[in-house]
Amino acid sequence: MYNKIAKQLPILLRPPELQAGLAALPHWRLVGASLQRELRLADFEATWGLLTQVAMRAHLWGHHPTITTTHTRATIALTTHDAGGVTDIDLRMARRIERLLARSECIS
């Protein structure tokens with residue numbers, strides 16, 4: 001579910017819609033049925049500060065990314081399991097993460 005308050009359902013993206021969405025997200029790539037972004041942050045605190053912000057937004061939206069992390073590196077994968085692939089929610093979450101990164105100590 002996209003938004004716990006509005007209860008909007010996800011819309012599975014067709015390839016042309018997905019490619020258009022990825023064009024605006026140059027650091028994200030399609031891996032299988034998910035969008036992925038690898039991050040390198042300044043230090044441990046910056047890493048967990050960012051991931052906490054991502055987790056809070058994801059929880060509010062009822063959408064939970066797969067996050068793998070070690071010290072100053074993280075990989076975020078977005079997919080909507082119920083829909084069987086990448087949806088409008090995943091693209092919106094990727095855009096939100098990019099805005100959070102712009103205010104963080106992200107190195108790459």
Side-chain angles (χ1 to χ4, degrees):
M1 185 180 305
Y2 169 24
N3 183 309
K4 289 185 174 185
I5 298 167
K7 296 184 174 28
Q8 296 172 318
L9 295 175
I11 299 168
L12 186 63
L13 299 176
R14 297 183 315 248
E17 298 164 326
L18 182 53
Q19 292 306 317
L22 279 172
L25 296 164
H27 298 288
W28 291 81
R29 58 191 172 98
L30 185 63
V31 177
S34 70
L35 298 179
Q36 287 191 12
R37 169 95 152 78
E38 294 182 11
L39 309 168
R40 190 167 62 119
L41 291 106
D43 54 34
F44 185 76
E45 291 81 7
T47 302
W48 281 99
L50 172 73
L51 295 180
T52 298
Q53 292 177 65
V54 170
M56 295 304 292
R57 177 56 54 180
H59 183 68
L60 178 64
W61 287 358
H63 190 62
H64 303 97
T66 299
I67 300 172
T68 306
T69 185
T70 58
H71 192 64
T72 60
R73 295 183 182 272
T75 301
I76 300 175
L78 303 170
T79 191
T80 305
H81 300 285
D82 293 347
V86 178
T87 66
D88 60 324
I89 298 169
D90 300 305
L91 281 179
R92 187 166 184 192
M93 180 67 75
R95 289 191 298 268
R96 176 59 62 107
I97 291 168
E98 287 301 309
R99 286 195 301 271
L100 293 171
L101 285 166
R103 297 188 310 250
S104 75
E105 298 177 52
C106 185
I107 295 169
S108 64

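Any value given below was found using the heavy atoms of this structure, including those in side chains, with hydrogens, waters and symmetry copies removed.
The side-chain heavy atoms of L100 and L50, taken from C-beta on, include a pair separated by under 4.5 Å. Proximity of T47 to H71: side-chain heavy atoms (C-beta onward) are nowhere separated by under 4.5 Å. When side chains are defined from C-beta on, M93 does not count as touching I76, because their heavy atoms never get closer than 4.5 Å.
Taking both residues in full, the closest heavy atoms of S34 and Q36 are given as OG-NE2, 3.6 Å, listed atom of the first, atom of the second, then distance. Annotation for A33 and T79: closest pair O-OG1, 2.6 Å, computed over non-hydrogen atoms. Here the shortest heavy-atom pairing between L91 and G21 reads CD1-CA, 3.9 Å. Heavy atoms only, all atoms of each residue included: P10 and T80 are closest at CG-CG2, 3.8 Å. The shortest heavy-atom contact between G85 and D90 is O-OD2, 3.6 Å.
How far CG of L78 is from CD1 of I97: 5.0 Å, rounded to the nearest 0.5 Å. A distance of 8.5 Å separates CG of L101 from NE2 of H27, quoted to the nearest 0.5 Å. Remark: L22 CG to L35 CG distance equals 5.5 Å, nearest 0.5 Å. Atom CZ of R57 and atom CZ of R99 lie 8.5 Å apart (nearest 0.5 Å). Taken from CG in D82 to CG in L12, the straight-line distance is 11.5 Å, to the nearest 0.5 Å. Interatomic distance, CG of L18 versus CG of D88, reported as 11.5 Å (0.5 Å rounding).
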As a quick check of understanding, evaluate side-chain contact (heavy atoms from CB on, under 4.5 Å) for T69 and W48, giving each step before the final call.
CA-CA 9 Å; T69 185; W48 281 99; 3.4 Å; yes

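Residues V54 and L60 share a hydrophobic cluster, clusters being chains of Ile/Leu/Val/Met/Phe/Trp/Tyr side chains in contact below 4.5 Å. At a threshold of 4.5 Å between side-chain heavy atoms, the hydrophobic network of Ile, Leu, Val, Met, Phe, Trp and Tyr places F44 and L51 in one connected group.
For E45, the side chain to side chain contact (heavy atoms under 4.5 Å, CB included) partners at least two apart in sequence or on another chain are D43. Residues passing the side chain to side chain contact (heavy atoms under 4.5 Å, CB included) test with T66 are A77, sequence neighbours excluded.
Residue I67 qualifies as enclosed at atom CD1: its count of foreign heavy atoms under 6.0 Å is above 12.
Residues in residues 16-36 take part in these salt bridge (charged side-chain N to carboxylate O under 4.0 Å, His left out) pairs, two or more places apart or across chains: R14-E17, R29-E38.
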